[in-house]
Amino acid sequence: MDRISTFNQQRQFISQALDVQKRYAVEQTQQATSTKSLTYDGLGADSRTIISLESDLKLADQYVSSGTIVSTRVQTAYSAVTSIVDLTTQARSWLSGLISGATDDISGANAQAQSYLAEVGSLLNTKVDGYYVFAGAISNAAPVDLGAYTATDATTVDTSYYVGAQSVASYEAAPGLTIEYGARADSSGFEKLLRALSLAANASESPADLDLMQDAYDLLDSAIDEISVEQSRLSGVASAVDDAMDRNVDFQLYADSLVSDLKNVDVAEITAKLAATELQLESSYAVLKTLQSINLLDYL
């Protein structure tokens, strides 16, 4: 038979023991999972910050994934333009030699110019992973069709060979930051290059139409300057994309670390706390056992 005062004291100790037991269970879970809580509710005031950071991390991951694809496309376009610059330089040197040392017969000139033309067309139809890098915003169709293309006028712009989009592709690199990275095969430099080579491919060989060949050379001279500008633009775009990706990766590292600090526990610290709570729980059980053993008859 318990005393009334002992009964109240016993209830108080039971409540305290239950609190310690609850804390012990939480700390056991923390030690096993290395996290403060398996639910956001258990993270208290930090939960809102964690949810926001994790949302930002997903967005940054999308930016990095898209940036990786865009970077490959831009690098591919830059490489193709570099090859086109080299080819234009070769064609210009070839035409210069042809004009300066020409006779009335320049047989073979049409075939050589046609070969250059086909090579440029192939480079402007460069694709990577199914994406045509000079097709503007349309990526699934070759932008250059030279099948029916024949330039006959040195002064008239002719982009009839181009079947790509009129807009260019862009990349959202961060909130409020969009980078236009696409290129078009109908840009002025490429058009002049194709027009020059088409003129040379169709000029009279015998007697040699040196005036038309000179026009073709002048167009090549202008084309190489403009294509070099496009090459520089692509280089700048590549740097801008890489810089944006670096910033996103830096944010990911920072946010990952912060989320980890907010969600995870120090294993050594929680192990020590768990041991202390276990001792406290054992003490509570011992006190309760003592209280339960007290009987009024023992004092009569």
Side-chain angles (χ1 to χ4, degrees), residues 30 33-85 123-143 164-185 187 190 227-267:
Q30 289 176 338
T33 63
S34 299
T35 60
K36 295 177 182 178
S37 175
L38 297 178
T39 65
Y40 287 110
D41 289 341
L43 295 171
D46 290 334
S47 61
R48 183 174 298 179
T49 300
I50 292 171
I51 291 172
S52 178
L53 284 171
E54 288 179 338
S55 176
D56 290 341
L57 277 168
K58 288 181 181 178
L59 191 58
D61 186 60
Q62 293 175 5
Y63 289 144
V64 172
S65 296
S66 298
T68 300
I69 295 172
V70 169
S71 180
T72 299
R73 291 174 178 176
V74 175
Q75 293 292 344
T76 300
Y78 179 85
S79 178
V81 171
T82 299
S83 296
I84 290 173
V85 168
L123 287 168
L124 289 174
N125 282 332
T126 295
K127 64 179 179 178
V128 54
D129 296 328
Y131 177 89
Y132 289 89
V133 297
F134 296 105
I138 296 176
S139 62
N140 59 354
Q166 295 304 307
S167 57
V168 295
S170 60
Y171 160 53
E172 185 181 2
L177 175 60
T178 299
I179 300 172
E180 288 192 348
Y181 70 88
R184 286 168 41 181
S187 67
F190 297 141
I227 295 172
S228 295
V229 171
E230 177 68 7
Q231 186 182 31
S232 296
R233 184 190 73 84
L234 288 171
S235 177
V237 169
S239 296
V241 171
D242 288 344
D243 288 345
M245 288 176 61
D246 287 342
R247 288 193 295 272
N248 281 308
V249 170
D250 288 342
F251 170 76
Q252 285 178 309
L253 293 173
Y254 162 76
D256 271 331
S257 176
L258 185 54
V259 168
S260 179
D261 289 341
L262 293 173
K263 291 179 68 173
N264 298 335
V265 296
D266 184 301
V267 176

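For clarity, every value in this text was computed on a predicted model and none was experimentally measured.
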Residue that, paired with Thr72, satisfies side-chain contact (heavy atoms from CB on, under 4.5 Å) out of Val74, Thr76, Ile69: Thr76

Candidate pair Leu57 and Asp61, rule side-chain contact (heavy atoms from CB on, under 4.5 Å), full reasoning: CA-CA 6 Å; Leu57 277 168; Asp61 186 60; over 6 Å; no

Derivation and outcome, side-chain contact (heavy atoms from CB on, under 4.5 Å), residues Tyr63 and Glu172: CA-CA 7 Å; Tyr63 289 144; Glu172 185 181 2; 3.5 Å; yes

Derivation of the side-chain contact (heavy atoms from CB on, under 4.5 Å) call for Val229 and Arg233: CA-CA 6 Å; Val229 171; Arg233 184 190 73 84; 5.6 Å; no

Parallel, tilted or perpendicular, as decided by the 30° and 60° cut-offs, for the rings of Phe134 and Phe190: perpendicular

So, the side chain of [X] versus the backbone of [Y]: is there a donor-acceptor pair under 3.5 Å, distance only?
X	Y	result
Asn248	Ala173	yes
Ser66	Gln62	yes
Ser52	Arg48	no
Arg184	Gln166	yes
Ser55	Ile51	no

Listed partners of Tyr171 passing side chain to side chain donor-acceptor pair (under 3.5 Å), at least two apart: none

Atom [atom1] of [X] and atom [atom2] of [Y]: how far apart are they, to the nearest 0.5 Å?
X	Y	atom1	atom2	value
Leu59	Glu54	CG	CD	14.0 Å
Gln75	Thr82	CD	OG1	9.5 Å
Tyr131	Asn140	OH	CG	10.5 Å
Leu124	Ile84	CG	CD1	4.0 Å

Least distance between heavy atoms, [X] atom then [Y] atom:
X	Y	value
Val241	Gly67	CG1-O, 3.8 Å
Met245	Val64	CE-O, 3.9 Å
Leu53	Ala255	CD2-CB, 4.3 Å
Ala135	Ala141	CB-O, 3.8 Å
Phe251	Ala60	CD2-CB, 4.0 Å
Ser71	Asp242	OG-OD1, 3.4 Å

Sequence-distant partners of Ser232, side-chain contact (heavy atoms from CB on, under 4.5 Å), two or more places apart: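 So Ser232 forms no side-chain contact (heavy atoms from CB on, under 4.5 Å) with any residue.
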
Verdict with supporting geometry, Val70 and Val237, side-chain contact (heavy atoms from CB on, under 4.5 Å): CA-CA 10 Å; Val70 169; Val237 169; 5.8 Å; no

Residue pair Leu177 / Arg247, side-chain heavy-atom distance below 4.5 Å: yes

Any side-chain heavy-atom pair of Pro143 and Asn125 under 4.5 Å: yes

